[in-house]
Amino acid sequence: EFVSTKAETANVTATVGGKPYNAGKVVFIADRQSGKITLLPVRKNSAAANGTDSITLIAKIIDANGNPIKNEEIMWGAGNHKVTFSPATGKTQTNDLGESQITLTSTDVGNITINAQAVKGGLALNQVTEKLSFTADTVTAKITNWLAPTDTKQVADGLALVTYKVVVKDSNNHPVANSQVRWETNLGEFVSAQATHTITTTDSQGEATVDLVSAKAGSAVVKASVNGMQSTSSAKVEFIANSNSATIALAPMTQRDFVANDKDKVTYSVTVVDASNNPVTAENITWKDENGHPVSIDNPTSKTDSAGKS
């Protein structure tokens, strides 16, 4: 009588009078009742939810003495999360090592719990779980929409802000968090960098914002790019001169003496600029004589043109 803790085929030999006799073979099999299912450490527990990036899991069933239990059917499940298994049935079978492998992909973002269960039951431990996650695909991330601004005008004083906001999503329309957005402008500077170029990062909703200021009047064209794919804001953003800081300057006269014959005309020109030297357009100018001299003014009121001149 003999026992073994190792599942294998044993050749039994009996010796009588010094002479060996082959007593046949004895097969020791794994103790299924003490068997437990486990999951081997995963190479990765997160993948992009793009339908191609995959996660592979390996289940192993062994008895209390470490003997593999083969030909055990395992059913895999992912709860309510939509995944695609390979094999598609979600069923696998253990090999001679007691191991069974499955691969899964998904196009849905989220944290999931994978369940592996021995179909036949009767093991000391019949099922095991593993937590995984599928995230937005950063490789296919791009700007899909500009949320702000709308068409707007702002004072070109270097302080008034215009906020730009974009949404970044992947090819499956998932918002992409922690994605770098590169911004550039032809006018003014971004507050965060005090420069015409800057980088911000998307939040959990896939949104990124940046603030623009300008001390120079003009139309701003702002662009943003993700993964080298550039998008341009369609909003018409104009920085205008600050009339509150406007000053007026009279152009020098090239001629000082004129004939008082009611025909010889004197022409004056002024320029209006703000504190940042931006021309102030459409500013009302009133002309009048200050010393009581009897003069006739053709146009006692005028407006400055696009160059701030009148």
- Note on the structure: Interatomic distance, CG@Asn278 vs OG@Ser243, rounded to 0.5 Å, equals 11.5 Å

- Over 12 non-hydrogen atoms of neighbours within 6.0 angstrom of CZ in Arg32: yes

- Stepwise side-chain contact (heavy atoms from CB on, under 4.5 Å) test for Ile285 and Val272: CA-CA 9 Å; Ile285 305 296; Val272 182; 3.9 Å; yes

- Note on the structure: Looking only at heavy atoms, the pair that brings Ala177 and Thr202 closest together is C-OG1, 3.3 Å

- Message: If you compare all heavy atoms of Val213 against all heavy atoms of Leu159, which two are closest, and at what distance to 0.1 Å?
- Response: CG1-O, 3.8 Å

- Query: Can a donor-acceptor pair be found between the side chains of Ser302 and Trp287 at a distance below 3.5 Å?
  - Reply: yes

- Verdict with reasoning, Thr232 to Lys223, per side-chain hydrogen bond (donor to acceptor under 3.5 Å, both in side chains): CA-CA 4 Å; Thr232 302; Lys223 300 177 181 180; 4.8 Å; no

- Sole candidate of Glu99, Gln101, Lys36 that passes side chain to side chain contact (heavy atoms under 4.5 Å, CB included) when paired with Lys60: Glu99

- Query: Same hydrophobic cluster for Phe190 and Val237, using side-chain heavy-atom links shorter than 4.5 Å among ILVMFWY?
  - Reply: yes

- Message: If I take atom CG from residue Asn45 and atom CD from residue Glu130, how far apart are they, to the nearest 0.5 angstrom?
- Response: 7.0 Å

- Message: Under 4.5 Å between side-chain heavy atoms, counting indirect links through other Ile/Leu/Val/Met/Phe/Trp/Tyr residues: same cluster for Val128 and Ile61 or not?
- Response: yes

- Would you kindly say whether Thr103 and Ser54 are connected by a side-chain donor-acceptor distance under 3.5 Å? no

- Item | Hphob cluster co-occupancy, Phe134 + Val168, side-chain heavy atoms under 4.5 angstrom | no

- Message: Let me confirm one number: the NZ-CD1 distance from Lys82 to Ile112, rounded to the nearest 0.5 Å.
- Response: 13.5 Å

- Query: Between the main-chain N or O of Ala282 and the side-chain N or O of Thr304, is there a donor-acceptor pair closer than 3.5 Å?
  - Reply: yes

- Query: Taking atom types as modelled and ignoring hydrogens, do the side chains of Thr52 and Asn50 form a donor-acceptor contact shorter than 3.5 angstrom?
  - Reply: yes

- Query: Are the side chain of Asp137 and the backbone N or O of Ala48 linked by a donor-acceptor pair below 3.5 Å?
  - Reply: no

- Is the number of heavy atoms from other residues, nucleotides or ligands under 6.0 Å of Glu73 CD greater than 12? yes

- Query: Going by distance alone, is a donor N or O of one side chain under 3.5 Å from an acceptor N or O of the other, for Lys70 and Asn95?
  - Reply: no

- Item | Heavy atoms from other residues, nucleotides or ligands near NZ of Lys44 exceed 12 (cutoff 6.0 Å) | yes

- Message: Can a donor-acceptor pair be found, under 3.5 Å and without considering hydrogens, that links the side chain of Ser233 to the backbone of Val222?
- Response: no

- Answer yes if Val155 and Phe239 sit in the same cluster of Ile, Leu, Val, Met, Phe, Trp and Tyr residues linked by side chain heavy atoms under 4.5 Å apart, and no otherwise. no

- Closest non-hydrogen atom pair, Ala208 against Val181: CB-CG2, 3.8 Å

- Quick one: does Asn284's side chain get under 4.5 Å of Lys303's, heavy atoms only? yes

- Query: Can a donor-acceptor pair be found between the side chains of Thr196 and Thr185 at a distance below 3.5 Å?
  - Reply: no

- Answer whether the closest heavy-atom distance between the side chains of Arg182 and His197 falls below 4.5 Å. no

- Task: For the pair Asn126 (side chain) and Gly122 (backbone), establish whether a donor and an acceptor sit closer than 3.5 Å, ignoring hydrogens and angles.
- Result: yes

- Item | Side chain proximity check, Asn65 to Asp31, heavy atoms < 4.5 angstrom | no

- Would you check if the side chain of Asn172 reaches a backbone N or O of His174 as a donor-acceptor pair within less than 3.5 Å? no

- Item | Flag for Thr92-Ser100: side-chain donor and acceptor within less than 3.5 Å | yes

- Task: For Gln154 and Leu161, indicate whether the former's side chain and the latter's backbone hold a donor-acceptor pair under 3.5 Å.
- Result: yes

- Taking the side chain as every heavy atom from C-beta outward, state whether Leu39 and Ile114 have any atom pair closer than 4.5 Å. no

- Task: On the 0 to 90° scale, with breaks at 30° and 60°, tag the Trp146-Trp183 ring pair as parallel, tilted or perpendicular.
- Result: perpendicular

- Query: Would you say Asn80 has more than 12 foreign heavy atoms packed within less than 6.0 Å of its CG?
  - Reply: no

- Message: Taking Trp76 as the starting point, is it possible to reach Val42 by hopping between hydrophobic residues whose side chains are less than 4.5 Å apart?
- Response: yes

- Message: Once rounded to the nearest 0.5 Å, what's the spacing between atom CG of Asp274 and atom CG of Asn244?
- Response: 10.0 Å

- Side-chain donor/acceptor of Asp203 to backbone N/O of Gln205, under 3.5 Å: yes

- Task: Looking only at non-hydrogen atoms, find the nearest pair between Ile55 and Ala47 and report the distance.
- Result: CG1-CB, 3.7 Å

- Task: Check Ala241 against Pro279 and note the closest heavy-atom contact, atom names and distance.
- Result: CB-O, 3.3 Å

- For Gly98 and Pro68, work out which heavy atoms get closest and say how close. N-CB, 3.5 Å

- Item | Residue from Ile37, Ile74, Ile69 passing side chain to side chain contact (heavy atoms under 4.5 Å, CB included) with Thr94 | Ile74

- Query: Do Leu104 and Leu132 have side-chain heavy atoms sitting under 4.5 Å apart?
  - Reply: yes

- Task: Kindly indicate whether the side chain of Pro87, heavy atoms from C-beta on, has any atom under 4.5 Å from the side chain of Ile102.
- Result: yes

- Can you tell me how far CG of Asn227 sits from OG1 of Thr138, rounded to the nearest 0.5 angstrom? 7.0 Å

- Task: Determine whether Thr56 and Arg43 make a side-chain contact, defined as any pair of heavy atoms from C-beta on separated by less than 4.5 Å.
- Result: no

- Message: Let me confirm one number: the CG-OG distance from Asn111 to Ser46, rounded to the nearest 0.5 Å.
- Response: 8.5 Å

